[in-house]
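Inspection log for the structure reproduced underneath, given as structure tokens.
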Number of protein chains: 2
Amino acid sequence: MEAEGLIAHDVLAVVLRITGTVPSVLLWQRAREPQDGRWALPGGRLGAAEDVEASVRRHLAEKVDLAEVAHVEQLSVFSDPHRGPAPRRVATAFVGLVPSDADPAVPADTAWHPVDALPPTAFDHGDITRAGLERLRAKLSYTNIGFALAPEAFTISELRRLYAAALGHRVSATNLQRVLTRRGVLVPTGTTAAPGPSGGRPAALFRFSERALRVTDPFATLRPPSCDPSGSS
Amino acid sequence: MEAEGLIAHDVLAVVLRITGTVPSVLLWQRAREPQDGRWALPGGRLGAAEDVEASVRRHLAEKVDLAEVAHVEQLSVFSDPHRGPAPRRVATAFVGLVPSDADPAVPADTAWHPVDALPPTAFDHGDITRAGLERLRAKLSYTNIGFALAPEAFTISELRRLYAAALGHRVSATNLQRVLTRRGVLVPTGTTAAPGPSGGRPAALFRFSERALRVTDPFATLRPPSCDPSGSS
DNA sequence: GCAAAAGTGTTCCCCGTACACCCATGT
DNA sequence: ACATGGGTGTACGGGGAACACTTTTGC
């Protein structure tokens, strides 16, 4: 099929953002065959002088302000020979996260869609989207990746809403604050937000101590002995 | 550089196996330029009618008996434009695991090398190997991936040796048994091994309850409420 | 004062760790 | 008997979950 085994390599981005109480993904509507009218993930061809991460950032810049994308990480390669029409294409997919307060301007053909109610998607982009959300959910548990979903400063209630939306289940504000504080990923700013129209105590504002990915829960089990981390027998 | 943006796509396998008290990787020695004499990971060109996983299995079959490879999973894409000489190549790397009792016949140019004492490696294969070992170490903590390092049946002492070698630190046989049993990944076979020449109580033999990857430690934190797993507010 | 929203204190319990102690076999 | 290696019982502690209670605001 391909001349001499050379294959077109694409990059794709699953850009996620919490909208209201659900996670949404950035999709654009195709306006030509194949898959005319269907919704596709942003992305494009890998260029000659860039690695896949640089490439996905370049393509993403056509759809959103890159400054709004707080985190990008590689997800997986999708290479089923029949994942699209000929000619054959291999794609490296990424996950990108946009804070909930950023509402980047997007082109007319582009929009956010709740992941649990996707419109007709192009090729295997629906599967890739769901894989991206699963990655986010897993990392919320044992890393500080929440920084990429949250505004610079936020109340615990807002953070609870973001975590609950991303995870798809209720989250206790009490325990969320305690866990993240204990791990040192959450620090108070010292300022407070104004109460709502119906009153209530003003909420303290917090921020993430770092805005880069860090594993905060070195897995519970099979950790090295408390002292003397050397030796293997 | 490439005609019309078409790129050669390779697959590579970091095949790991516990040898003695250290993890080793399967490498073959190149016998022509570029990188003549250096040691490389098994792999090759992605074919037209296969996805990357099928491809890596096909290439691996040239070096080892595939039946001995108990687990294969995708690792990452390596795509730095300067990761090798022109023409440009993109590689999808995999991790493969071989049980310690299997000692597959390998071609004359191929051998196992301890990961912490690699010979001169070709291209970026040393980095890829270390990334593969890191993946194994992480998954040992929260999955049943040990099944791919262990024989069909084994004593707790043998299993302890495998975990200690892979993780690079001491592991308590007592707690290893308890943790894995509590998670239901380890089941007794009912038989025992013969004691060594110096006596000692005969060891009970165990096996893994499943020989397919399963996440056994749904992360400690941020799990859904104990009851009523629905709703998100 | 009362409702509403935020934050804290307390208790419970799971589960990994550490370590002492008991069991089965060879010489 | 006693040494050697295998297995079990038990106590400790960290940390997440649940929930009651206090604090601060608007009306």
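Protein chains get the first letters and strands the later ones, always in sequence-line order, with residue 1 at the start of each. Just so it is clear, the model here is predicted, and its values are computed rather than measured.
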Any A:Q177 side-chain nitrogen or oxygen under 4.0 Å from OP1 or OP2 of C:dA6: no
Side chain to side chain donor-acceptor pair (under 3.5 Å) partners of A:T191, counting only residues at least two apart: A:T189
What pairs with B:H71 under side chain to side chain donor-acceptor pair (under 3.5 Å), at least two apart in sequence or on another chain? B:E73
When only distance counts, do a donor and an acceptor, one from the side chain of B:S172 and one from the base of C:dT17, lie under 3.5 Å apart? no
Determine the interplanar angle of the B:F147 and B:F208 rings, folded into 0 to 90°, and report it as parallel if under 30°, tilted if 30 to 60°, perpendicular if over 60°. perpendicular
Please report the distance, rounded to the nearest Å, between NE2 in B:H169 and P in C:dT17. 9 Å
Atom pair distance, as rounded to whole Å: CZ in B:R182 and C1' in C:dC13: 12 Å
OP1 or OP2 of D:dT4 sitting under 4.0 Å from any side-chain N/O of B:R201? no
According to side chain to side chain donor-acceptor pair (under 3.5 Å), who are the partners of A:E62, at least two apart in sequence or on a separate chain? none
Starting from C1' on C:dT8, measure out to CZ on A:F206 and report it in whole angstrom. 12 Å
How long is the line joining CG of B:N175 and P of D:dA11, in whole Å? 16 Å
Side chains of A:Q74 and B:S76: donor-acceptor distance under 3.5 Å anywhere? yes
Which part of the nucleic acid, if any, lies within reach of A:A173 when heavy atoms closer than 4.0 Å are counted: base, sugar-phosphate only, or nothing? nothing
With distance as the sole criterion, do the side chain of B:R178 and the base of D:dT10 form a donor-acceptor contact below 3.5 Å? yes
For the pair made of CG in B:L186 and P in C:dG16, what is the distance, rounded to whole Å? 14 Å
Nearest to the side chain of A:T174, which nucleotide is it out of C:dT25, D:dG6, C:dG9? C:dG9
Residues at least two apart in sequence or cross-chain that pass side chain to side chain donor-acceptor pair (under 3.5 Å) with B:S100, listed by chain then number, are none
I'd like a table of atom pairs between the protein and nucleotides 1-3 of chain D - only N or O on both sides, under 3.5 Å - with the distance next to each one.
none

B:Y163 atom OH is separated from C:dT17 atom P, nearest whole Å, by 13 Å
A:V179 side-chain proximity, nearest of D:dG16, D:dT25, D:dG7: D:dG16
Write down the distance between CG (A:L180) and C1' (C:dG7), rounded to a whole number of angstrom. 15 Å
Out of D:dG6, D:dG16, C:dG16, which has the shortest distance to the side chain of A:R183? D:dG16
Please identify each residue that fulfils ring-ring contact (aromatic ring centres under 6.0 Å, His included) with A:F78, with sequence neighbours left out. none
Would you mind reading off the distance between B:L176 atom CG and D:dG6 atom C1', rounded to a whole angstrom? 14 Å
